[in-house]
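All remarks here apply to the structure that follows.
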Amino acid sequence: MTQNTLRQAKRLADYQAPDFTITDVELWFELEPATTLLTARYQLKSQRKGATELVLDGQQLELLSVKLNGQQLTPAQYQVTDDHLRIDQMPAQAELELQVRLNPAANTALEGLYLSDSAFCTQCEAEGFRRICYYLDRPDVMARFTTHIIANQQRYPALLSNGNKVAEQQLPDGRVQVSWVDPFPKPCYLFALVAGDFDCLTGQYVTQSGRTVSLEFYVDKGNAARAEFALEALKRAMCWDEQTYGLEYDLDSYMVVAVDFFNMGAMENKGLNVFNSKYVLADQQSATDTDLYNIESIIGHEYFHNWTGNRVTCRDWFQLSLKEGLTVFRDQQFSADMASATLSRIDAVKTIRTHQFAEDAGPMAHPIRPAQVLEMNNFYTVTVYDKGAEVIRMLHTLLGAAGFRQGMDLYFARHDGQAVTCDDFVSAMQDANGRDLSLFRRWYSQSGTPELTVQSSFDAEQQQFKLVFSQHTAATADQQDKRNLLLPVRIELLAKNEKQQHLLVVSEEQQSFSFAVAEPPVAVILADFSAPVRLHYPQSVSQLLTVVQHASDGVARWDAMQQLWSDLVRQAVRSSEPLQVPAEVVALYRALLATPEGDLAFLAELLTPPSFDLLAEQYQPVPVDALLQALQQIRRQLADELAADWLNCYQQLIPAPYAYRQEQVAARALRALCLDYLAQSGQQAELLLQAYQSADNLTDQLAVLKACRNATHPLFETLTAQFEQRWREDVLVLDKWFALKASLPTKDTVYLLPHLTQHPQFSWQNPNRVRAVYMAFAQQNPTIFHAADGKGYQVLQQVVLKLDPINPQLAARLVTPLLSWRRFETHRAAQLKAVLSQMLAQQGLSNDLYEKLSKSLSD
Ligand code: B3K
Ligand code: ZN
């Protein structure tokens with residue numbers, strides 16, 4: 001490992017096209033868990049006159065042989081370092097054949113070729129192919145891949161790779177060789193190989209042009225029925241993309257493999273997606289409504305990548321948002337169409353406000369197109385993905401659905417088969433619409449959250465309502481100077497006899513707009529969260545309640561309620577007086593609970609106060625104890641004053657036999673909220689028990705467990721013990737038990753965590769298990785994670801250090817909740833800083849962890 005001080009980041013500004021490219025790749029894998037042999041043959045071509053030096057990327061490889069145009073090279077004719085293979089005398093055109101030996105069984109980083117239980121699988125994005133073979137491991141090198149997999153057929157009946165299967169033959173030694181050809185040139189990050197013994201659920205989809213595509217889901221033995229929901233979701237996604245963007249699938253088969261060992265959600269390899277089994281396997285007993293929603297969204301996301309990512313890919317990794325921001329936007333549109341549009345949007349807004357704003361305010365702040373990167377895997381962030389999607393959404397808002405579609409059409413017409421930049425995307429939008437988007441492009445290079453301050457006034461004589469907007473973006477850790485951005489601001493003016501809706505474009509530091517209206521209206525600013533900014537527009541409780549009751553946009557109604565709670569919490573924090581829920585708010589809750597109607601899921605969201613993390617993000621420094629106390633006071637008062645109302649509402653919502661249908665999903669969400677408040681009193685044991693025992697699905701059962709957890713209700717121990725007994729053999733469900741245990745807000749939890757890791761089903765090698773315990777602890781248990789004695793921070797520190805040598809990507813994800821120490825009060829900041837400094841002092845840290853720690857601690 002290099003000395004910490006010498007680690008060099010790569011910069012976008014240094015981009016250069018490669019000297020050589022690879023047009024064709026042929027691979028022969030001879031699979032064995034501990035000694036896999038790979039022979040790789042590349043057709044190489046110079047792209048720059050006079051170029052003679054070829055530098056291939058490669059890591060942790062055992063190089064066995066190098067042949068150039070059929071001639072074996074001697075070790076004197078090439079150089080091998082920790083990260084590269086260099087050949088000095090390259091002809092302008094050549095065939096290079098390499099042989100390497102790999103040890104997938106020892107690969108716990110889950111990058112490159114590794115074993116998930118006993119199946120082989122690969123993960124190459126971002127730079128994992130270099131752990132499979134020496135290669136030009138960068139997305140602007142696009143080649144046609146042919147893959148031959150040679151293996152023992154009994155152990156590995158399914159041998160899969162990208163594209164179409166073209167041959168299968170028995171070898172004289174008893175092994176089988178299966179060959180695949182992918183006709184579409186692609187970067188190596190989209191390469192995939194899977195070998196194992198699976199059950200396969202199959203289906204078909206007939207595309208709009210009439211081609212039949214075979215759909216194949218490869219899952220653990222005995223689990224085929226649990227992939228049915230995902231298969232149907234895939235069909236819906238294929239149909240949606242045809243209807244919405246005119247985009248059709250392009251190969252004869254679409255394969256999805258579900259594996260248990262996976263660092264993230266899923267991966268869009270061409271024709272052969274690899275999924276975390278959590279996002280494929282589901283039925284009503286073993287998955288919640290939220291799980292099903294997520295499965296549909298991720299299945300959609302990976303499918304949509306086939307065009308936005310695979311057919312048109314990124315020139316370099318700084319352009320990651322080109323495919324991720326756009327594909328998240330597309331999956332959000334898809335979810336909005338399949339489930340509840342308002343709820344999907346609220347979800348996205350919560351993610352931005354809770355996690356993305358926090359990232360922008362912390363040491364890892366970066367624009368959606370980062371300017372420099374040490375470890376690319378650290379930049380698969382809420383900024384690149386979710387803020388990236390907000391930027392695409394703003395284009396959609398500014399250009400309208402039809403204009404946006406024209407831009408997409410032009411983007412594909414220009415760039416199909418190419419590796420391009422975010423600028424190319426905006427240019428297509430600009431040219432298709434005849435709009436100058438030069439100011440808009442700043443969103444790609446500027447980090448930080450714009451603060452948008454609004455003042456309103458009414459001129460009774462002129463009958464004019466005036467809004468004055470000022471924008472300001474504060475310096476961020478990565479960037480001092482900020483410029484104005486272009487902000488689409490949707491507004492609605494609510495007056496007695498009229499409602500006006502407008503789309504304003506704010507691009508100056510200060511800009512005002514006037515509206516003719518007969519009487520002073522209540523203004524809704526930033527309806528649908530039309531720009532990812534922090535809004536400052538002070539409104540009274542009664543104005544906010546007017547918005548809650550009368551705004552046309554559901555997101556704005558929800559947002560006004562959130563604002564109301566944030567304001568109350570802020571007053572309580574400032575004054576150190578106990579928080580008093582205003583009588584009007586109690587009355588509104590009472591009225592809404594009395595006759596629950598309309599979209600009940602929306603109602604449940606509307607009635608849910610903001611989370612600790614969402615509130616914390618609004619303070620500098622974060623007053624941890626005061627916030628937790630204020631939230632507790634809200635819960636207590638809403639539970640006590642409305643006890644009869646929660647009960648009455650709960651009893652009105654009589655459950656029907658389970659189906660994943662939106663009205664049912666919504667009713668379950670509202671019932672869960674009622675139970676949460678009912679449990680808060682510490683009583684209602686009978687009702688909770690009855691709810692748990694009579695539930696015919698996991699959503700309702702978990703609602704009871706969460707209500708008991710939030711209230712630290714005596715039933716929590718009994719019911720979680722029953723749950724563990726019932727599900728101990730089913731790890732995906734058991735993960736929910738791990739998370740419940742880790743998020744119980746009592747002092748003992750910090751001591752319980754090591755015991756959880758002794759559970760027979762826990763494994764440090766499995767990211768789902770580790771996340772279930774420790775992400776839940778850090779993200780859903782603020783009381784204990786931020787405990788004043790600093791133990792919560794120390795526990796996470798130990799885990800991160802333990803994981804770094806096993807799985808650096810996972811370690812670097814888990815360290816995130818510790819990084820923003822500067823945002824906390826002196827005492828906690830000092831504890832966090834100490835924990836981080838100790839980590840940074842460790843020898844041999846991965847680049848993943850080193851990059852985050854050093855940024856967090858740099859002055
Ligand atoms: N493209 C992958 C993410 C790869 C992450 C690499 N560390 C999944 C997705 O966004 O669809
Ligand atoms: Zn993606």
Side-chain angles (χ1 to χ4, degrees), residues 59 107 109-112 114 121-132 137-139 162 186-192 230 233-234 237 241 254 256-259 261-276 278-280 294-314 317-335 348 351 368 370 373-389 392 419 422 767 771 807-814 816 846-849 851-852:
Q59 278 170 0
N107 181 353
L110 315 186
E111 223 189 339
Y114 66 93
C121 71
T122 54
Q123 172 55 38
C124 296
E125 189 178 359
E127 299 177 325
F129 194 82
R130 64 187 63 186
R131 294 173 184 226
I132 294 178
D137 189 357
R138 44 188 290 167
N162 316 86
K186 63 169 180 287
C188 62
Y189 84 84
L190 290 171
F191 170 80
L234 175 59
D241 217 14
Y254 191 93
V256 172
V257 184
V259 299
F261 287 68
F262 206 63
N263 272 338
M264 62 255 170
M267 177 64 211
E268 71 264 23
N269 315 301
K270 183 77 187 186
L272 177 56
N273 287 184
V274 177
F275 266 65
N276 187 325
K278 176 179 163 67
Y279 295 117
V280 174
N294 289 336
I295 288 172
E296 181 165 73
S297 139
I298 296 178
I299 287 275
H301 181 99
E302 305 313 331
Y303 175 72
F304 303 144
H305 267 317
N306 190 54
W307 278 94
T308 49
N310 301 4
R311 289 287 287 255
V312 184
T313 195
C314 302
W317 288 120
F318 300 101
Q319 317 293 332
L320 179 61
S321 202
L322 172 80
K323 73 178 180 81
E324 296 304 347
L326 179 54
T327 305
V328 171
F329 174 69
R330 277 152 52 67
D331 85 50
Q332 290 177 352
Q333 284 188 305
F334 172 60
S335 294
T351 301
I368 64 167
V373 162
L374 177 62
E375 171 50 61
M376 189 54 214
N377 284 326
N378 281 340
F379 288 83
Y380 287 74
T381 58
V382 278
T383 299
V384 167
Y385 274 62
D386 298 274
K387 184 177 177 182
I392 301 291
C422 297
R771 279 188 291 251
N807 184 337
Q809 265 184 68
L810 183 59
R813 286 264 161 185
L814 280 172
T816 301
S846 67
N847 274 344
D848 311 55
L849 198 51
E851 180 172 41
K852 290 192 166 184

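When a ligand or atom number is given, it counts from 1 through the structure's own listing order.
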Any chance the side chains of [X] and [Y] put a donor and an acceptor closer than 3.5 Å?
| X | Y | value |
| --- | --- | --- |
| E302 | N273 | no |
| Y380 | E125 | yes |
| N263 | N807 | yes |

Show me which atoms of ligand 1 lie under 4.0 Å from any heavy atom of [X].
| X | answer |
| --- | --- |
| Q809 | 7 (N) |
| H305 | 9 (C), 10 (O), 11 (O) |
| K323 | 1 (N) |
| E268 | 1 (N), 2 (C), 8 (C), 9 (C), 11 (O) |
| M267 | 1 (N), 2 (C) |

Would E324 count as a contact for the Zn ion (ligand 2), in the sense that one of its N, O or S atoms lies under 2.8 Å from it?
yes

Test side-chain contact (heavy atoms from CB on, under 4.5 Å) applied to M264 - qualifying residues, sequence neighbours left out:
Q123, F262, M267

Could you tell me whether some N/O pair between E324 and ligand 1 is separated by less than 3.5 angstrom?
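Yes - when backbone and side-chain N and O of E324 are compared with those of ligand 1, one distance drops under 3.5 Å.
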
Does the N or O separation between Q123 and ligand 1 drop below 3.5 Å for any pair?
no

Identify the closest protein heavy atom to [atom]: which residue and atom is it, and at what distance?
| atom | value |
| --- | --- |
| atom 8 (C) of ligand 1 | A266 O, 2.9 Å |
| atom 1 (N) of ligand 1 | E125 OE1, 2.6 Å |
| atom 7 (N) of ligand 1 | N377 OD1, 2.8 Å |

Is the contact between E111 and ligand 1 made by the side chain, the backbone, both, or neither, using heavy atoms and a 4.0 Å cut-off?
neither

For ligand 1, which part of M264 has a heavy atom less than 4.0 Å away: the side chain, the backbone, both, or neither?
side chain

Backbone N or O of L810 within a donor-acceptor pair of the N377 side chain at under 3.5 Å?
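Flag not set: sc N377 to bb L810 has no pair under 3.5 Å.
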
When you measure from the side chain of K852 to the backbone N and O of A812, does any donor-acceptor pair fall under 3.5 Å?
yes

Parallel, tilted or perpendicular, as decided by the 30° and 60° cut-offs, for the rings of Y189 and W317:
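Ring orientation of W317 relative to Y189: perpendicular.
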
Does a sphere of radius 6.0 Å around NZ in K278 hold more than 12 heavy atoms from other residues, nucleotides or ligands, not counting ones at 6.0 Å or beyond?
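Count not over threshold, so no.
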
